[in-house]
Amino acid sequence: MRLTPLQEKVKCLDRSLHSDHDKIARWVIDNARPHIAVRQNNLVTVCFCCGNTMVYAGKERYVKCCDCNRTVEIVEELDWLAAKRMASRYFASLEVVDGIQIMRTYEVILRYSAINRLKDAYVREVCRHWITPDGRCEVTSFRRHTGFLLPKSMSMKLRKGNTDIEDHIANHAYVMPDMKLLPDLKNKLVNTDKLVPGNALTIIRNLLEHDYLTI
């Protein structure tokens, strides 16, 4: 199938982008490390934020640590060991290239030691959403196989078909604060706190439609 002018432009611009994985890893470690507490079979639960040990028998997934008062996610010890002491989260940056708004989504995998200390963070960029000022969107991503993103190739590929997986990942990513926005989007997005995980991409695309109200 022949490419549209926008697809041709995106394909060309896509090759010119470079990712700063080390910078993103450092930012996540310093500012957005997930708050986790691992619960053992005897209900003894260890908060990874402060190291406090507490006994928690409740069924809520998110609770407050009784020591540091942070809201932590309860993870069962068997699940934690099965995940090889790793926690995965999605983060996104917003950039402008040649008059196009780009949402670049990264998967950040935080790896912990056997004594629950953070060892390092592994970052891989999984997809890019190229959104024009009139709301049109093209997607580039790594190859897919049975629904999973496999970043084994050296470059992104233009997705001309279904992009539900990439859209879901971008929508549920945490948007990093150092963002660059198209003037029209910046004027409509009065409060950047609206870009919460769950609908971040959808809000951006809707706001770039000319008949959409400011939020």
Side-chain angles (χ1 to χ4, degrees), residues 1 3-21 23-28 30-35 62 71 88-108 123-142 144 147 149 151 155-215:
M1 183 181 296
L3 299 181
T4 66
L6 175 59
Q7 289 174 334
E8 290 281 8
K9 183 177 182 179
V10 166
K11 190 174 180 180
C12 180
L13 291 174
D14 192 75
R15 291 193 292 265
S16 68
L17 296 184
H18 300 282
S19 298
D20 193 347
H21 289 176
K23 180 179 179 181
I24 292 170
R26 177 47 53 191
W27 184 88
V28 171
D30 292 343
N31 301 282
R33 188 185 308 182
H35 297 161
Y62 294 93
T71 299
S88 175
R89 299 291 187 274
Y90 289 105
F91 294 86
S93 65
L94 291 173
E95 306 172 17
V96 176
V97 175
D98 202 12
I100 300 177
Q101 185 72 61
I102 307 176
M103 185 173 185
R104 305 177 66 176
T105 305
Y106 301 83
E107 182 182 22
V108 180
V123 180
R124 61 183 180 181
E125 187 174 6
V126 292
C127 58
R128 300 168 179 168
H129 286 77
W130 303 75
I131 312 166
T132 64
D134 59 2
R136 290 177 295 154
C137 182
E138 296 293 342
V139 177
T140 55
S141 70
F142 285 105
R144 293 184 304 180
L149 294 164
S155 62
M156 298 276 184
K157 302 295 182 183
L158 182 67
R159 300 298 163 196
K160 293 177 284 185
N162 186 290
T163 61
D164 287 349
I165 294 174
E166 289 89 348
D167 294 348
H168 177 81
I169 290 173
N171 256 325
H172 289 78
Y174 177 89
V175 180
M176 294 183 287
D178 186 18
M179 58 185 73
K180 297 177 177 61
L181 306 175
L182 287 171
D184 192 33
L185 178 59
K186 187 175 183 179
N187 291 336
K188 290 181 178 179
L189 190 62
V190 177
N191 186 355
T192 56
D193 290 340
K194 296 287 185 178
L195 298 178
V196 296
N199 63 355
L201 173 65
T202 300
I203 285 180
I204 292 171
R205 293 187 65 177
N206 285 341
L207 285 177
L208 286 174
E209 294 179 1
H210 294 306
D211 59 347
Y212 207 86
L213 297 176
T214 301
I215 65 172

Task: R136 side, atom CZ; Q7 side, atom CD - distance, nearest 0.5 Å - done: 10.0 Å
Task: Pairing residues for A170 by the side chain to side chain contact (heavy atoms under 4.5 Å, CB included) criterion, not counting sequence neighbours - done: M103, T105, H129, L201
Open item on the list: Using the side chain to side chain donor-acceptor pair (under 3.5 Å) criterion, which residues pair with D14? Sequence neighbours excluded.
Closed with: R128, T140
Open item on the list: Donor-acceptor check, side chain of Q101 to backbone of E95, threshold 3.5 angstrom: yes or no?
Closed with: yes
Task: Partners meeting side chain to side chain contact (heavy atoms under 4.5 Å, CB included) with Y106 (sequence neighbours left out) - done: S19, H21, I24, S93, R104, V123, E125
- [ ] Tell me, with the steps shown, if V28 and R89 meet side-chain contact (heavy atoms from CB on, under 4.5 Å).
- [x] CA-CA 10 Å; V28 171; R89 299 291 187 274; over 6 Å; no
Open item on the list: As an exercise, state the distance from CG of D178 to NZ of K23, rounded to the nearest 0.5 Å.
Closed with: 6.0 Å
TODO: Rounded to the nearest 0.5 Å, what's the gap from CG on L195 to CG on N171? Could you check?
DONE: 10.5 Å
Task: Closest non-hydrogen atom pair between L185 and L181, with its separation - done: CD2-CD2, 3.9 Å
- [ ] Verify side-chain contact (heavy atoms from CB on, under 4.5 Å) between K160 and L3, making sure each step is shown before the conclusion.
- [x] CA-CA 9 Å; K160 293 177 284 185; L3 299 181; 3.4 Å; yes
Open item on the list: Can you tell me if K11 has over 12 outside heavy atoms packed within less than 6.0 Å of its NZ?
Closed with: no
Task: Beyond-backbone contact of K157 with F142, side-chain heavy atoms, under 4.5 angstrom - done: no
- [ ] Indicate the atoms forming the closest heavy-atom contact of A173 with A200, along with that distance.
- [x] O-CB, 4.4 Å
- [ ] Nearest 0.5 Å please: distance from the OG atom of S141 over to the CD1 atom of I169.
- [x] 8.5 Å
Task: Sub-4.5 Å side-chain heavy-atom contact between P177 and W27 - done: yes
Task: With H35 via ring-ring contact (aromatic ring centres under 6.0 Å, His included) - residues at least two apart - done: none
Open item on the list: Just so I know, are the side chains of I102 and L13 near enough to count as touching, which here means a heavy-atom distance under 4.5 Å?
Closed with: no
- [ ] Mind listing the closest non-hydrogen atom pair of G99 and L182 along with its distance?
- [x] O-CD2, 3.7 Å
Task: Result of checking M176, K180, M179 against L94 for side chain to side chain contact (heavy atoms under 4.5 Å, CB included) - done: M179
Task: Reported CG-to-CD1 distance for the pair N199 and I204, which is rounded to 0.5 angstrom - done: 9.5 Å
- [ ] To the nearest 0.5 Å, tell me how far Y174 OH sits from N31 CG.
- [x] 8.0 Å
TODO: Considering non-hydrogen atoms only, spot the tightest contact between P133 and D184 and give its length.
DONE: O-OD2, 4.4 Å
Task: Set of side chain to side chain donor-acceptor pair (under 3.5 Å) partners for R26, sequence neighbours left out - done: D30
Open item on the list: My understanding is that only residues two or more places apart in sequence, or in another chain, count here; which of them pass side chain to side chain donor-acceptor pair (under 3.5 Å) with R205?
Closed with: none
Task: Minimum heavy-atom distance between F91 and V108, given as atom pair plus value - done: CD1-CG2, 3.6 Å
